[in-house]
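Read the numbers this way: they start at 1 and go in the same order the structure lists the ligands and their atoms.
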Amino acid sequence: MAAPSAIPRRGLFIGGGWREPSLGRRLPVVNPATEATIGDIPAATAEDVELAVSAARDAFGRDGGRHWSRAPGAVRAKYLKAIAAKIKDKKSYLALLETLDSGKPLDEAAGDMEDVAACFEYYADLAEALDGKQRAPISLPMENFESYILKEPIGVVGLITPWNYPLLMATWKVAPALAAGCTAVLKPSELASLTCLELGGICAEIGLPPGVLNIITGLGTEAGAPLASHPHVDKIAFTGSTETGKRIMITASQMVKPVSLELGGKSPLIVFDDVDIDKAVEWAMFGCFANAGQVCSATSRLLLHEKIAKRFLDRLVAWAKSIKISDPLEEGCRLGSVVSEGQYQKIMKFISTARCEGATILYGGARPQHLKRGFFIEPTIITNVSTSMQIWREEVFGPVICVKEFRTEREAVELANDTHYGLAGAVISNDLERCERISKAIQSGIVWINCSQPCFVQAPWGGNKRSGFGRELGQWGLDNYLSVKQVTKYCSDEPYGWYRPPSKL
Ligand SMILES: NC(=O)c1ccc[n+]([C@@H]2O[C@H](COP(=O)([O-])OP(=O)(O)OC[C@H]3O[C@@H](n4cnc5c(N)ncnc54)[C@H](O)[C@@H]3O)[C@@H](O)[C@H]2O)c1
Ligand SMILES: C[N+](C)(C)CC=O
């Protein structure tokens, strides 16, 4: 598909229709692969947040919730399936917009759109299944009482999301929130909002009841912060950096508002000396160079057994040299640009600090010579790293892998856990018992054995330590948006008998 000359001009999606932002401000959209400004998006402020929250509140309570929040899950499932079908119909167009907005290779973006559709379908099924799970009985030790459980939508939820998988990260929240019967205000990242705005168009096309999903774009401080602090938002689900996550948690704590936080990472990949080196190298590359390393779970700390370290690094450099770095719309591109000039500068600063601190840039570390414009960075491999260096400790969120060697399994685990983060970890070895041991020892929410990064909508996703808490995807993702109510009934005809009845005299 050819790139459109202009991207669609959208407003804020509030109450089922498009609105210009209250202050009339807009933010430019820059294609990071060309540095050209290709359009703009609305910049919402507190006034718009107010309207969006109010639309979501109305939708939650409309007609006593009969048409949404208290409707059978099967009713909501129909809408989710309709959204999935539209995403599939528009897959090529949405993928193109995602690529123009974020710089990711077009076929990666197309894969993301398939995952988006699959996620809506998956939560449509869970919405249907929810009906059968209502009134689940609780076994009690007293026969005069009966108790059962109701699972109810939490209410109006604020969903704040990042730019690295723009529509997919939004969908991980929107699909389960809607399946649960919540109504929502989505605030995607100002750096990549185009496909999330298109989701608004899709909701209008399929006739989603007005106000069930509202989409406001804009800056974090101007649109995200008022959403997080809004007293009529019952929960905030956030994916983004640990720093912003901390701020959101502080704000929410003032109202004892529940939050779930999917934050950053600095995940390890441990490779033992009994492996097929080329196979392991490919996983190491996929673990840190896919999506230009802008992946929360990127295995950006590579731990190599000393016996294979030299051979492994030779092959890693050879494979890295063969990656096609190009305009992300070009066929076969495997490394596009990073998302913005700011992100480009930040990554370059990490590389120069590593160099200043005494690390070796074994490969990469610069702009590819054949690309004069766009925010492109070569796949970068850094060795001679010590555990006190910034490059070992902090999340880069770019195509930069740092490497250390280990001698024993124990040392590998200690190095793997030497981080404040706890999102993911991976181990590659032919000794499956060892892999099982290590999967227990790694302090993270996700462990991959003999691979890195595969992600399935059925399996829980989320971190420990400073990578956040709560789990998305699977049944856990739905539970994020449900509140559990116990209903207990006294079912004897006899008086309870705790107090003596008053004298009849
Ligand atoms: N754990 C996961 O599943 C996961 C997935 C994807 C990305 N991430 C993390 O996201 C980060 C990259 O994304 P980013 O740069 O967009 O993160 P970010 O924290 O800068 O922004 C995330 C979102 O928060 C908003 N925001 C910023 N300041 C805010 C404030 N004060 N109040 C409310 N909202 C505010 C932004 O506008 C954006 O929509 C990385 O750290 C990455 O690891 C985590
Ligand atoms: C799991 N994934 C890669 C889709 C999103 C994390 O950034």
With a 4.0 Å heavy-atom cut-off (strictly under), which part of [X] contacts ligand 2: side chain, backbone, both or neither?
X    : answer
Q453 : neither
W172 : side chain
N164 : side chain

Backbone or side-chain N or O of [X] under 3.5 Å from ligand 1 N or O:
X    : result
N164 : no
S241 : yes
W172 : no

* Asked: Does the protein put a heavy atom under 4.0 Å from atom 21 (O) of ligand 1?
  ->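 Protein heavy atom within 4.0 Å of atom 21 (O) of ligand 1: absent.
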
* Run the numbers for me: atoms of ligand 2, each under 4.0 Å from some heavy atom of Y165, listed by number. =>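 Taking each heavy atom of Y165 in turn, ligand 2 has 3 (C), 5 (C), 7 (O) under 4.0 Å.
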
* To do: Give the atoms of ligand 2, by number and element, whose distance to some non-hydrogen atom of V295 is under 4.0 Å.
  =>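 It comes down to these atoms of ligand 2: 3 (C), 7 (O).
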
With heavy-atom distances below 4.0 Å as the criterion, list the atoms of ligand 1 near [X].
X    : result
T239 : 2 (C), 4 (C), 5 (C), 6 (C), 7 (C), 8 (N), 22 (C), 44 (C)
A225 : 32 (N), 33 (C)
E190 : 36 (C), 37 (O)
M169 : 5 (C), 6 (C)

State, without any angle test, whether [X] and [Y] hold a side-chain donor-acceptor pair at a distance under 3.5 Å.
X    : Y    : value
T299 : S452 : yes
D418 : W392 : yes
N31  : E35  : no
T45  : E222 : no
S260 : K235 : yes
D278 : W319 : yes

What's the shortest distance from [atom] to any protein heavy atom, and which residue and atom give it?
atom                    : result
atom 13 (O) of ligand 1 : P162 CB, 3.3 Å
atom 1 (N) of ligand 1  : L263 O, 2.8 Å
atom 41 (O) of ligand 1 : E395 OE1, 2.6 Å
atom 6 (C) of ligand 2  : C296 SG, 2.5 Å
atom 28 (N) of ligand 1 : T244 CG2, 3.4 Å
atom 8 (N) of ligand 1  : C296 CB, 3.5 Å
atom 4 (C) of ligand 2  : M169 CE, 3.8 Å
atom 34 (N) of ligand 1 : G224 CA, 3.6 Å
atom 23 (C) of ligand 1 : T161 O, 3.5 Å
atom 26 (N) of ligand 1 : G220 CA, 3.4 Å

* **C455 N/O under 3.5 Å from ligand 2 N/O** =>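 No; every N/O pair is 3.5 Å or more apart.
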
For ligand 1, the portion of [X] having any non-hydrogen atom under 4.0 Å away:
X    : value
P188 : backbone
I160 : side chain
F238 : side chain

* Asked: Between F397 and W163, does the ring centroid distance fall short of 6.0 Å?
  ->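 Yes.
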
* To do: Verify the ring-centre separation between W476 and W461: is it less than 6.0 angstrom?
  =>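 When the ring centroids of W461 and W476 are compared, they turn out to be at least 6.0 Å apart.
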
* Asked: If you draw a 6.0 Å radius around CZ in F286, do more than 12 non-hydrogen atoms from other residues or ligands fall strictly inside?
  ->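 Result for CZ/F286: open.
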
* For K279, does the NZ atom sit with more than 12 other heavy atoms under 6.0 Å from it, leaving out its own atoms? ->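 For K279, atom NZ is not crowded (no more than 12 foreign heavy atoms under 6.0 Å).
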
* Beyond-backbone contact of R367 with Y344, side-chain heavy atoms, under 4.5 angstrom ->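 The answer is yes, as the side chains (C-beta and beyond) meet within the 4.5 Å cut-off.
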
* Within the distance-only criterion (no hydrogens, no angle test), does the side chain of N417 pair as donor or acceptor with the backbone N or O of I442 below 3.5 angstrom? ->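 It does not hold such a pair.
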
* Do any N or O atoms from the side chain of D40 and from the backbone of L27 form a donor-acceptor pair under 3.5 angstrom? ->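 Not a single qualifying donor-acceptor pair exists.
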
* For the side-chain contact (heavy atoms from CB on, under 4.5 Å) test, which of V53, D48, I14 pairs with N214? ->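 The residue from V53, D48, I14 that satisfies side-chain contact (heavy atoms from CB on, under 4.5 Å) with N214 turns out to be I14.
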
* Asked: Can you tell me how far the CD atom of Q390 sits from the CD1 atom of I351, to the nearest 0.5 Å?
  ->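 Answer rounded to 0.5 Å: 11.0 Å.
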
* **Proximal candidate to atom 31 (N) of ligand 1 [heavy atom criterion; set E222, K246, Q294, R247]** =>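 Considering heavy atoms of E222, K246, Q294, R247, the nearest to atom 31 (N) of ligand 1 sits in R247.
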
* To do: Out of Y421, W163, W461, F397, indicate the one that has the non-hydrogen atom closest to atom 42 (C) of ligand 1.
  =>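 Result: the heavy atom closest to atom 42 (C) of ligand 1 is in F397.
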
* Asked: Is a salt bridge present between K346 and E394, judged by a nitrogen-to-oxygen distance below 4.0 Å?
  ->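 No, no charged N to carboxylate O under 4.0 Å.
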
* Geometric cation-pi criterion, K81 with F120: 6.0 Å, 45° ->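 Negative - K81 is either too far from the ring of F120 or too far off its axis.
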
* Asked: For ligand 2, is F456 a contact, meaning one of its heavy atoms is under 4.0 Å away?
  ->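 Contact check F456 vs ligand 2: negative.
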
